[in-house]
Amino acid sequence: MALGLGALVLAWPNASASAQNLFLGPVARHKKPKIVLDPRLPTGPSRLELRELSPLGRRLCSARRPVCVEAIPTLESEAPRALLALETAWTRLVLAAGLPAPLRGDQGQPLVLSLDSPTLEPLTVTERLRLGPGIDRAAVVCHAGSTLGTPSRRGARTSLPGGSTERLGRNSLAVTGPAVLDRLASLCVAEGIAARLDPAETPSTRRGYALSLWWAMGEPGGDDLALMARSADYSEQAGEGRSTEAARWALWVEHFDRSRGAGELGSLPTALLALSGQRSPAGVTTFQNEPDSLDILRETLEDSRAEFAAFALEHAVARAQLGKEAGPLGRVAWGKWGALPRRWTLPLSSLPRRVAIPQPLDPLGATAVAVSIGVPPPQLELAVQIAWESPARFTWTILKLDAQQQELGRLDIAYEDRQTQVERRVVVTSEVRELLIVGTHLGGVDLSHPLDPDHAPFEPHGATVYVAKLHE
């Protein structure tokens, strides 16, 4: 794959701090007033450089690719297979897909996969800042665990530590087997690409990008199913942020790529990172992450709050229908466990009812409330009223589903900036078996300060859904 757009944006070392349009590039655009932020707000991850690695034991380096594997003595037997996996991932992502190659360190250090961790964490990544002119760039060192978590049970509540680390469960599996090593190596190389393009992005953004490439070009397995299931368990949490589930952002960029891209695998997600690259001021200890990938995505949607709200709602609906071969998430239909769960199911006989969503929504969190119709009586009409807290910005839609959970129609609710309540009348035809009310929280402090993934913790907001019969 030739990444024309991604290669083009790499030639812009002095990109403006204002977000550029992904499709139109650095063209003249309307001048927006500068948003003044509290200087105490975080702007990006730490720029502290990684100390020079001391040899762990056996170190193998490739004669064909700029990659090496180090291993503690107890894992030296895994080093040859890990090196082969790393070479394969480099070939697949850099040579075959045409993505930018991960950088070497300032002293020429190659990409290193270090088998050195005795924990249940499959992969952690540390950035090594590259010094020099131009936009911020970094090399990476990957640390693979000596054990891996097995897929967690559906609904199991397992915590995700900060950074770009995945913790998958209490039971463990030795780091053996080509499939496990292929996944680790692919994530490592992809994180190296992300660090080259924009090391200021949040760790979950970089890991989400790496996951999206693995899902598109690799063979997703049990660990990926576990991530999908956990993303559904925590569907109310932020869709983008420093401590969010990486799988959530991976689904976002997958949707964006499929619905707005030209079909080249990884092209739009890579261009998002390339266009968000910036130069951090000298002497600061944190990266300057403005604009971030979310800013670029918003600008590509014409910097329109209504367009962004429509895309966010479209994604929430796609999440609710995850597992189907059609649609913007059809390529990840294997991840059906990540479908947006129904937090309430209201039988027709129980109406009228008013329910509160069980957990308030973080920015880009989503929820779904179902109304079970069964076989509808003739001339059934329902009233739906949805209310939420001010000054939060929500957007909603109502899906009509048949007995096979296929969409028959949709009652979109127009987004308005300052509304806090919507009401709709729904005519239920004979084919409808369920109504699915889907909503998402758009986040942001106010209309002039949209959601910024670095400004966590986020403020969640609640909502209520009221459904009643009008005619039966």
Between [X] and [Y], is any pair of side-chain heavy atoms under 4.5 Å apart?
| X | Y | result |
| --- | --- | --- |
| Arg260 | Thr300 | no |
| Glu459 | Pro363 | no |
| Thr126 | His143 | yes |
| Asp198 | Asp136 | no |
| Leu225 | Pro220 | no |
| Ile373 | Leu382 | yes |
| Leu251 | Met228 | yes |
| Cys142 | Leu123 | yes |

Are any of the side-chain nitrogens in [X] or [Y] under 4.0 Å away from the carboxylate oxygens of its partner?
| X | Y | result |
| --- | --- | --- |
| Arg342 | Glu434 | yes |
| Glu236 | Arg343 | yes |
| Glu201 | Arg206 | no |
| Glu87 | Arg64 | yes |
| Asp224 | Arg183 | yes |
| Arg230 | Asp233 | no |

Option passing ring-ring contact (aromatic ring centres under 6.0 Å, His included) with His441 (candidates Phe394, Trp388, Trp396):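 Testing His441 for a ring-ring contact (aromatic ring centres under 6.0 Å, His included) against Phe394, Trp388, Trp396 leaves exactly one candidate, Phe394.
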
More than 12 foreign heavy atoms under 6.0 Å from CD of Gln405: is that the case here?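 Counting other residues, nucleotides and ligands, CD of Gln405 exceeds 12 neighbours.
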
Tell me, yes or no, whether the heavy-atom count around Lys336 atom NZ, taken from other residues, nucleotides or ligands under 6.0 Å, exceeds 12.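 Counting other residues, nucleotides and ligands, NZ of Lys336 stays at 12 neighbours or fewer.
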
Between Trp252 and Phe311, does the ring centre distance come in under 6.0 Å?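 Aromatic pair counts; centres sit under 6.0 Å.
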
Is the ring centre of His315 less than 6.0 Å from the ring centre of Phe256?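 No.
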
Among [options], exactly one meets side chain to side chain contact (heavy atoms under 4.5 Å, CB included) together with [X]. Which residue is that?
| X | options | value |
| --- | --- | --- |
| Leu313 | Thr395, Ile413, Leu442 | Thr395 |
| Val465 | Thr367, Val355, Val371, Leu346 | Val355 |
| Ser276 | Ile135, Ile296, Asp295 | Ile296 |

Counting distance only, does the side-chain N/O of [X] pair as donor-acceptor with the main-chain N or O of [Y] below 3.5 Å?
| X | Y | result |
| --- | --- | --- |
| Arg298 | Phe308 | no |
| Arg207 | Ala247 | no |
| Arg410 | Glu407 | no |
| Thr440 | Gly365 | yes |
| Lys400 | Val427 | yes |

Search all heavy atoms of [X] against all heavy atoms of [Y] and return the closest pair with its distance.
| X | Y | value |
| --- | --- | --- |
| Ala356 | Trp344 | O-NE1, 2.8 Å |
| Cys188 | Val112 | SG-O, 4.4 Å |
| Ala101 | Trp90 | CB-CZ2, 3.7 Å |
| Gly443 | Arg393 | O-NH2, 3.0 Å |
| Ala85 | Leu181 | CB-O, 3.6 Å |
| Gly335 | Leu322 | O-CD2, 3.1 Å |

Check the pair Val67, Leu83 against side-chain contact (heavy atoms from CB on, under 4.5 Å), reporting the backbone distance first and the verdict last. CA-CA 8 Å; Val67 296; Leu83 183 63; 4.1 Å; yes

Roughly how far, to the nearest 0.5 Å, is the [atom2] atom of [Y] from the [atom1] atom of [X]?
| X | Y | atom1 | atom2 | value |
| --- | --- | --- | --- | --- |
| Asp362 | Leu364 | CG | CG | 9.5 Å |
| Arg433 | Leu408 | CZ | CG | 9.5 Å |
| Glu219 | Asp182 | CD | CG | 7.5 Å |
| Thr464 | Ile386 | OG1 | CD1 | 9.0 Å |

Residues Leu95, Arg65; criterion side-chain contact (heavy atoms from CB on, under 4.5 Å); working and verdict: CA-CA 11 Å; Leu95 299 183; Arg65 309 283 181 256; 3.3 Å; yes

